[in-house]
Q: 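Quick one: the structure is below, questions incoming.
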Amino acid sequence: MSERPSLEEFTAAARAWLAERYPVAAADTGKRRFVWGEGSDEIRVFAEPDPSSEADAVDAIRAWRAGLWEAGYGWITGPTEYGGAGLPAAYQRAFEQVSRQFDVPGDASLTIGLGMIAPTILQHGTEEQKQRYLPALYRGEKIACQLFSEPGAGSDLASISTRAVRDGDVWRISGQKVWTSGAHLSDIGEIICRTSPEPRHKNLTAFLVDMHAPGVTVRPLRQMTGGAAFNEVFLDDVVVPDTDRLGEVGEGWTIAITTLANERNSLGSSSFGGVGILSTDRLAGLVRHQGLDDDPAVRQQFGEVVSHLRAARYVNEVVGAQARAGRPPGAEIGLSKIALSDNLRRLGDFVSELLGPEVAADTGEWGTYAWSSLVLGAPGFRLGGGTDEILKNTVAQRVLGLPRPS
Amino acid sequence: MTAELVPSEDERALAETVRDVLTDLSPIAQVRADFDSEAGYAATAWKALAGDVGLCGLLVPEQHGGLGLSWSAANVVHHELGRALYPGPFLATSLATTALLAAGAEAAVPSVAAGETVATVALADRRGNWTGEGVTATESGGAWRLTGRRWHVIAGSAADLVVVLARTPAGDALFVVEPGAAGRTSAPMTGMDLTRRLATLDLAETPATLLGEPGGAAPLLAVVGRHLRLALAAEAAGGLDWCAGTCVEYAKTRQQFGRIIGSYQAVAHACVELYGAARSAHAAARWAAVAAENGAGEADLASHVAALRAGEDYRVQTEAGVHLLGGIGFTWEHDMHLYYRRARAAGTLVGGAAAHRLAVADLAGL
């Protein structure tokens with residue numbers, strides 16, 4: 001085993017590795033200076049890939065992950081027995097920071113697998129599952145999705161009705177899942193099924209299901225933006241070996257909670273999937289383009305919106321600093337996701353006032369009707385990853401210690 | 001050393017010391033006794049905080065008799081004082097100290113830093129604007145005299161030394177008016193905030209010492225303004241902390257229709273919003289204080305963001321707090337209204353929400 005490199009050595013080596021393979025990002029910070037009319041004016045709350053180019057994008061992401069894995073950057077904090085580099089979180093942060101200086105493909109379609117499912121497997125999986133799935137996920141060889149919500153089980157996740165029935169060494173799964181991001185790209189899915197008539201929260205079991213198995217049907221779900229970021233997944237007598245059961249029979253609720261806590265952390269903090277939305281420069285550019293930058297009422301509205309965006313960022317930075325000091329956030333991280341939802345609504349309202357009819361109908365002008373996808377996407381953000389109401393219930397009970405509704 | 005978003009060991013110890021002194025010497029019963037008293041605050045707690053803990057010298061460099069601490073240390077102190085609604089003249093004194101240090105007038109600082117001289121700033125006209133208009137400064141043979149009235153002077157009746165904004169022929173400037181100066185009188189204003197007294201200051205041919213240059217007020221006011229915004233944001237976070245704790249506790253014990261009211265979703269969510277406001281006000285105040293200490297490019301912007309968001313949350317959530325407590329929250333006996341009063345009044349001391357919004361727009365590049 002080699003000596004652990006110092007953080008400086010590690011960062012320098014990472015920079016050299018990236019520089020050999022990827023072009024330097026336009027600005028050193030990785031954040032391009034906004035110039036009105038230049039480049040794409042795309043704005044998106046949810047990743048709604050264009051099906052014609054999606055396959056190429058996914059190939060590029062897989063190649064990026066494979067390269068990272070080979071070089072030892074694929075799972076920097078991961079245990080060495082599963083192919084990780086076994087380094088502290090500071091090394092991971094340093095790598096993320098330096099990689100922002102280069103034009104890299106990023107992890108877009110892998111964030112669910114890496115951010116939510118891999119940590120769950122690491123925590124609850126068998127030795128054999130960890131060996132089989134963790135390197136494959138971090139290497140970009142397998143893409144994972146999360147099969148939780150159902151048409152009849154949204155906020156009340158514990159009431160799912162998809163059934164898994166034991167049949168010797170295998171389980172047979174039938175039912176329907178919905179709101180599954182990335183199911184159409186995925187190789188494996190973490191699924192929660194009902195496995196017994198036991199009482200609520202004790203009747204569920206988690207599995208890792210092969211998304212290419214016979215009986216799995218994935219259909220894109222078109223949402224109100226017109227795009228399709230999610231899918232419906234139908235399972236018709238899908239056979240899953242008992243070796244792909246995640247955790248004990250009846251332990252599915254605990255496992256679902258682990259995955260949802262991972263989701264909440266990644267949604268609340270930095271890795272917001274939206275494109276082009278939270279740029280103060282772009283917002284100021286729009287005010288100027290509309291000729292409203294001398295209007296004191298508009299300047300006040302702008303100041304109000306920007307103050308909310310900054311304040312949310314300050315909260316996230318304080319939460320991050322507390323986590324690095326050994327106090328990771330609990331359920332209150334859900335409030336950061338609510339703050340982001342609120343800010344998307346504020347932004348949508350403000351740009352709508354600035355644009356008037358230009359947000360309702362496309363005049364062909366750069367950077368104007370583009371905002372309509374924020375206006376149409378924002379209501380969905382308030383639902384995914386726990387509705388505002390569910391998140392507040394969780395904070396009320398777990399953080400404030402208020403009683404459950406009787 | 002750069003300041004950190006997570007308070008250092010020393011800062012936590014300082015906060016704990018301040019909290020302990022306040023718990024012992026300025027519990028809410030004492031605060032209530034104070035607002036019925038002549039001075040508006042008690043000598044014992046002030047002596048302990050200013051003299052023993054050395055709070056008045058918090059931001060004063062050690063060579064001028066202070067503790068030489070940082071904005072981030074001031075952040076935790078203002079948080080505790082705001083949480084306890086401490087009525088003594090700490091904010092007034094620290095604003096005056098900041099003005100004196102920024103102007104290079106160190107000679108006056110040591111006795112203020114030692115807590116021997118109570119100081120304040122008198123900057124506002126009747127409408128709260130920081131303008132020299134209303135106080136005329138005239139010079140004769142190198143000696144300045146001030147005539148006119150300042151309004152909304154924090155701790156104006158208690159202060160010995162006052163830093164006054166006045167108009168010279170060359171523009172606005174700051175002056176120091178010494179204790180007992182001729183022609184100087186002050187009168188208490190009847191005010192909404194019972195735990196922070198305001199007063200008027202009248203000057204009639206009062207001798208004064210010029211700080212900096214005639215017409216040189218703007219850069220000094222900028223520093224004092226930022227100090228005030230950071231302080232009030234931290235106080236708001238502390239006050240919200242008290243409100244959240246108090247209201248959640250009530251929601252856990254009060255029963256109606258045979259149920260603990262905190263089990264009703266509407267009540268639980270109101271508690272969560274109050275808790276969330278305390279959390280984000282704290283983060284904004286802390287972030288802005290650390291940015292000020294580290295000289296970050298966004299420091300001024302952050303101070304306006306913190307004052308605006310923490311101030312608005314304080315205002316909105318103290319009203320929500322009165323509501324959560326029901327009828328008892330609307331009584332004189334319950335302490336909730338003292339925080340509601342503080343929140344309403346504090347928001348007016350820094351130019352108000354509209355001024356912050358406009359400043360954020362300017363500083364964010366619109």
Side-chain angles (χ1 to χ4, degrees), chain A residues 34 280-281 283-288 292-294 296-327 329 331-332 334-336 338-339 342 388-389 391-397 399-406, chain B residues 4-8 233 244-245 247-249 251-252 258-265 267-277 279-288 290-291 298 301-302 304-310 312-313 353-366:
Chain A
F34 172 78
T280 305
D281 288 346
L283 197 60
L286 180 64
V287 175
R288 264 186 228 106
L292 295 167
D293 46 321
D294 288 330
V298 172
R299 293 187 73 83
Q300 278 212 38
Q301 283 177 293
F302 175 86
E304 176 76 2
V305 170
V306 170
S307 77
H308 278 285
L309 297 180
R310 297 280 163 155
R313 201 185 91 201
Y314 299 162
V315 172
N316 289 341
E317 289 189 15
V318 168
V319 168
Q322 286 168 342
R324 287 194 291 282
R327 280 181 290 127
E332 75 275 12
L335 297 175
S336 290
I338 294 176
D342 288 343
D388 291 3
E389 288 72 20
L391 295 175
K392 284 180 187 171
N393 287 351
T394 310
V395 175
Q397 287 155 30
V399 181
L400 303 183
L402 290 170
R404 298 173 78 68
S406 46
Chain B
E4 302 285 349
L5 290 174
V6 176
S8 68
C247 292
V248 169
E249 211 37 56
K252 282 181 192 174
R259 282 169 58 181
I260 299 285
I261 61 169
S263 69
Y264 291 104
Q265 198 174 44
V267 174
H269 287 190
C271 288
V272 169
E273 274 155 32
L274 181 41
Y275 163 79
R279 174 176 173 268
S280 64
H282 164 74
R286 182 73 196 166
W287 203 98
V290 168
E298 203 175 311
L301 173 61
H304 282 284
V305 169
L308 173 60
R309 296 274 50 96
E312 289 288 274
D313 277 346
H356 292 308
R357 291 187 191 108
L358 292 173
V360 169
D362 290 343
L363 293 165
L366 182 62

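Note on naming: letters A, B, ... go to the chains in the order of the sequence lines (proteins, then strands), and numbering restarts at 1 for each one.
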Q: Charged N to carboxylate O under 4.0 angstrom, B/E298 versus A/R313?
A: yes
Q: If you look at every heavy atom in A/V315 and B/R279, which pair is closest and at what distance?
A: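 Closest pair (atom of A/V315, atom of B/R279, distance): CG1-NH1, 3.7 Å.
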Q: What's the shortest heavy-atom distance between A/A321 and B/L5, and which atoms?
A: CB-CB, 3.8 Å
Q: Between A/R324 and chain B, with a heavy-atom cut-off of 4.5 Å, which part of the residue counts as in contact: side chain, backbone, both or neither?
A: neither
Q: Do B/V272 and A/L335 have side chains that approach each other closer than 4.5 Å (heavy atoms only, starting at C-beta)?
A: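 Result yes, sub-4.5 Å side-chain heavy-atom pair found.
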Q: Is it the case that B/H269 and A/N393 place a side-chain donor and acceptor less than 3.5 Å from each other?
A: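 Checked: B/H269/A/N393 side chains pair up, N/O donor to acceptor below 3.5 Å.
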Q: Using side-chain heavy atoms (C-beta onward) and a distance below 4.5 Å, is A/E304 in contact with B/R309?
A: yes
Q: Given heavy-atom pairs under 4.5 angstrom as the criterion, report whether the side chain, backbone, both or neither of B/Y264 touches chain A.
A: neither
Q: As an exercise, state the distance from CG of B/L358 to CZ of A/F302, rounded to the nearest 0.5 Å.
A: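 So the CG of B/L358 and the CZ of A/F302 are separated by 11.5 Å.
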Q: Non-hydrogen atoms of chain B under 4.5 Å away: do they reach the side chain of A/Q301, the backbone, both or neither?
A: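 The answer is neither part of A/Q301.
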Q: So, for B/A354 and A/Q300, which heavy atoms are closest and what is the spacing to 0.1 Å?
A: CB-NE2, 3.4 Å
Q: Mind checking the OG-NE2 spacing from B/S280 to A/H308? Nearest 0.5 Å is all I need.
A: 9.5 Å
Q: Using 0.5 Å steps for rounding, measure from the CD atom of B/Q265 to the CG atom of A/L402.
A: 12.0 Å
Q: Which atoms of B/A310 are under 4.5 Å from chain A, going by heavy atoms: the side chain, the backbone, both sets, or neither?
A: neither
Q: Let's go through B/V6 and A/R327 carefully: what are the C-alpha distance in whole Å and the side-chain angles of both, what is the deciding distance for side chain to side chain contact (heavy atoms under 4.5 Å, CB included) to 0.1 Å, and is it a yes or a no?
A: CA-CA 10 Å; B/V6 176; A/R327 280 181 290 127; 3.5 Å; yes
Q: For a quick test of reading the model, state the closest non-hydrogen atom pair linking B/G365 to A/A284 and the distance between them.
A: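 Closest heavy-atom pair between B/G365 and A/A284: O-CB, 4.4 Å.
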Q: Can you tell which part of A/V399 gets under 4.5 Å to a heavy atom of chain B, answering side chain, backbone, both or neither?
A: side chain
Q: Which bit of B/L366 comes within less than 4.5 Å of chain A, counting heavy atoms only: side chain, backbone, both or neither?
A: both
Q: Do you know the tightest heavy-atom contact between B/V360 and A/S307?
A: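 Closest approach of B/V360 to A/S307, heavy atoms only: CG1-N, 4.2 Å.
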Q: Taking B/A355, B/A302, B/A353 one by one, which has the highest count of heavy-atom pairs under 4.5 Å against chain A?
A: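 If we count pairs closer than 4.5 Å to chain A, B/A302 comes out on top.
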Q: Under a 3.5 Å distance rule, please check whether B/K252 uses its side chain to pair with a backbone N or O of A/P403 as donor and acceptor.
A: no
Q: Given that the side chain runs from C-beta out, which part of B/E312 has a heavy atom under 4.5 Å from chain A: side chain, backbone, both or neither?
A: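 Neither the backbone nor the side chain of B/E312 comes within 4.5 Å of chain A.
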Q: Quick one: what part of A/A311 sits under 4.5 Å from any heavy atom of chain B, side chain, backbone, both or neither?
A: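 For A/A311, backbone and side chain are both near chain B.
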Q: Which atoms form the tightest heavy-atom contact between A/Y314 and B/A284, and what is the distance?
A: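 Looking at all heavy atoms of both residues, the closest pair is CD1-CA, 4.1 Å.
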